[in-house]
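For this chain, numbers begin at 1 and follow the sequence in order.
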Amino acid sequence: MKIVHISDIHLHPWPILDLEPIANFRACLAHVEEHQGDADRVIITGDLTHHGLAESYTLLQEMLKDCSLTGVQAPRLLIGNHDSRENFAAAFPAARRDDNGFIQWTEETPVGTFIYMDTVLQGEHGGSYCAERREWLEVALDRSRTSGRHAWLFMHHNPTAVHVANADQIGIPEEAELKALLSRYRDTIRHMFFGHCHYTLSGSICGIPFSAPRSTNHVCWPDFTGNANRMGHGELQPNYNVCFLNDDDVVIHTIDFLDQHKVMWDETTGDGWIAETCLPVA
């Protein structure tokens, strides 16, 4: 199964850090349409907007309506800390919510159960995965385990510290409780996908692999000095991830979609190598 994982598009009527979030997401969406047209799912893990403005969700509606990603390929939309849960729900009334009003749901796919989680604590940049949400997740994971199906988790916030102080202060405060739950289901959860940090990440939590792409707009630079009061950014390439989910492996590629014009193509020899012209020996 092939999925496209996009995160942190931050749609906003004005530039963010001198970058154009609308133009960048248009470019990302166009690149996915042209080059990943065979994707089985497209998933955007939150921060759909920069300030949760109703007009930003209206713009997102229009952009998605005008693109070719429809039906089963229509992007699954999760919310992040920059979003407004109620403004999002007003713009996308078909969005599924659990019994407590959180925008989280499950979907059965050929490779198992996709679990879309709501990690937002409204009004705060830090997330939350409270007792009610952990109970919901436990039920979903029990259902997957009982049916003998793998589970794949999608969320906005990083569920573990990433050793960047600026990011770790706005993670999930119930990290220990969430990890205790995850560790009990490491036999069921195949992979975890998130965003929030704006830089490429990979690793594992309780033995469960994870990955995260950069933002499609303002990419951040990881700072390991321990200074929580600064954020590195600049002319860094945004990306999205292309993920291949199979029974015996998971392979993830990062696609720097604004660099496509730099790619040069050469014909290769029968063994897959580029033919080289040897320089004469002096």
Side-chain angles (χ1 to χ4, degrees), residues 3-11 40-65 69-109 112-147 149 151-159 170-175 177-178 181-182 185 188-189 192-196:
I3 70 169
V4 170
H5 178 198
I6 303 169
S7 200
D8 298 272
I9 64 177
H10 285 264
L11 293 186
D40 298 293
R41 297 290 188 282
V42 177
I43 298 149
I44 307 178
T45 51
D47 280 359
L48 307 172
T49 68
H50 194 53
H51 284 310
L53 301 177
E55 62 189 284
S56 296
Y57 293 114
T58 298
L59 175 61
L60 178 58
Q61 278 182 312
E62 293 169 352
M63 294 172 77
L64 296 181
K65 183 177 64 176
L69 301 172
T70 59
V72 74
Q73 289 185 318
R76 275 57 172 165
L77 305 176
L78 283 69
I79 60 169
N81 51 293
H82 280 263
D83 289 306
S84 161
R85 188 178 282 113
E86 297 313 315
N87 282 351
F88 169 78
F92 295 92
R96 294 173 59 185
R97 307 180 79 152
D98 69 6
D99 292 340
N100 292 303
F102 296 114
I103 298 171
Q104 51 183 15
W105 74 103
T106 64
E107 177 183 17
E108 295 305 320
T109 77
T113 306
F114 281 13
I115 300 179
Y116 304 109
M117 299 162 57
D118 181 339
T119 60
V120 172
L121 181 60
Q122 202 66 64
E124 301 289 340
H125 285 302
S128 179
Y129 213 67
C130 57
E132 290 82 6
R133 283 179 270 197
R134 293 196 304 275
E135 181 180 351
W136 176 88
L137 178 59
E138 186 170 20
V139 169
L141 290 172
D142 271 336
R143 192 174 296 125
S144 289
R145 175 183 277 170
T146 300
S147 64
R149 293 175 62 76
W152 309 78
L153 306 189
F154 298 84
M155 67 200 78
H156 178 68
H157 289 83
N158 47 299
I170 55 172
I172 294 177
E174 305 91 351
E175 179 181 319
E177 294 87 346
L178 179 56
L181 173 60
L182 296 174
Y185 291 91
T188 301
I189 304 168
M192 300 172 65
F193 305 83
F194 59 86
H196 189 48

Peer 1: What I'd like to find out is whether the side chain of Leu77 reaches to under 4.5 Å of the side chain of Phe88, using heavy atoms alone.
Peer 2: yes
Peer 1: Any side-chain heavy-atom pair from Asp47 and His156 closer than 4.5 angstrom?
Peer 2: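 Yes, at least one pair of side-chain atoms sits under 4.5 Å.
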Peer 1: Between Arg41 and Thr109, is there a side-chain heavy-atom distance shorter than 4.5 Å?
Peer 2: yes
Peer 1: Using a 4.5 Å cut-off on heavy atoms from C-beta on, say whether the side chain of Trp136 contacts that of Thr106.
Peer 2: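 Yes, close enough: below the 4.5 Å cut-off.
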Peer 1: Quick check: do Ile44 and Leu48 have side-chain heavy atoms less than 4.5 Å from each other?
Peer 2: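 In short, these two side chains touch, coming nearer than 4.5 Å.
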Peer 1: Does NZ or CZ of Arg76 lie under 6.0 Å from the centre of the six-membered ring of Phe114, at an angle within 45° of the ring axis?
Peer 2: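 So Arg76 doesn't make the cation-pi contact.
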Peer 1: Apply side chain to side chain contact (heavy atoms under 4.5 Å, CB included) to Ile6 and Val42, showing your working.
Peer 2: CA-CA 8 Å; Ile6 303 169; Val42 177; 4.1 Å; yes
Peer 1: Determine whether the side chains of Ser144 and Thr188 contain a donor N or O and an acceptor N or O closer than 3.5 Å.
Peer 2: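 No, no side-chain donor-acceptor contact under 3.5 Å.
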Peer 1: Find out whether Thr146 and Arg143 are in side-chain contact, i.e. whether some heavy atom of one side chain is under 4.5 Å from a heavy atom of the other.
Peer 2: no
Peer 1: Does the side chain to side chain contact (heavy atoms under 4.5 Å, CB included) test come out yes or no for Thr49 and Leu60, once each step is laid out?
Peer 2: CA-CA 9 Å; Thr49 68; Leu60 178 58; 5.8 Å; no
Peer 1: When you measure from the side chain of His196 to the backbone N and O of Ile170, does any donor-acceptor pair fall under 3.5 Å?
Peer 2: yes
Peer 1: Between Leu181 and Tyr129, is the side chain to side chain contact (heavy atoms under 4.5 Å, CB included) condition met? List the steps.
Peer 2: CA-CA 11 Å; Leu181 173 60; Tyr129 213 67; 5.6 Å; no
Peer 1: Could you tabulate the donor-acceptor pairs under 3.5 Å formed by side-chain atoms of residues 116-124, not counting sequence neighbours?
Peer 2:
residue : atom : partner : partner atom : Å
Tyr116  : OH   : Glu107  : OE1          : 2.7
Asp118  : OD1  : Arg85   : NH2          : 3.0
Asp118  : OD1  : Val120  : N            : 3.0
Asp118  : OD2  : Arg85   : NE           : 3.0
Asp118  : OD2  : Arg85   : NH2          : 3.3
Asp118  : OD2  : Ile103  : N            : 2.8
Thr119  : OG1  : His157  : N            : 3.3
Thr119  : OG1  : His157  : ND1          : 2.8
Gln122  : OE1  : Arg85   : N            : 3.1
Gln122  : NE2  : Asp83   : O            : 2.9

Peer 1: May I ask you to check whether Thr45 and His5 show a side-chain donor-acceptor distance below 3.5 Å?
Peer 2: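 Short answer, yes.
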Peer 1: Using a strict threshold of under 4.0 Å (side-chain N to carboxylate O), is an ion pair present between Arg149 and Glu108?
Peer 2: yes
Peer 1: Do Phe193 and Leu78 have side chains that approach each other closer than 4.5 Å (heavy atoms only, starting at C-beta)?
Peer 2: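 Counting from C-beta outward, Phe193 and Leu78 never come under 4.5 Å.
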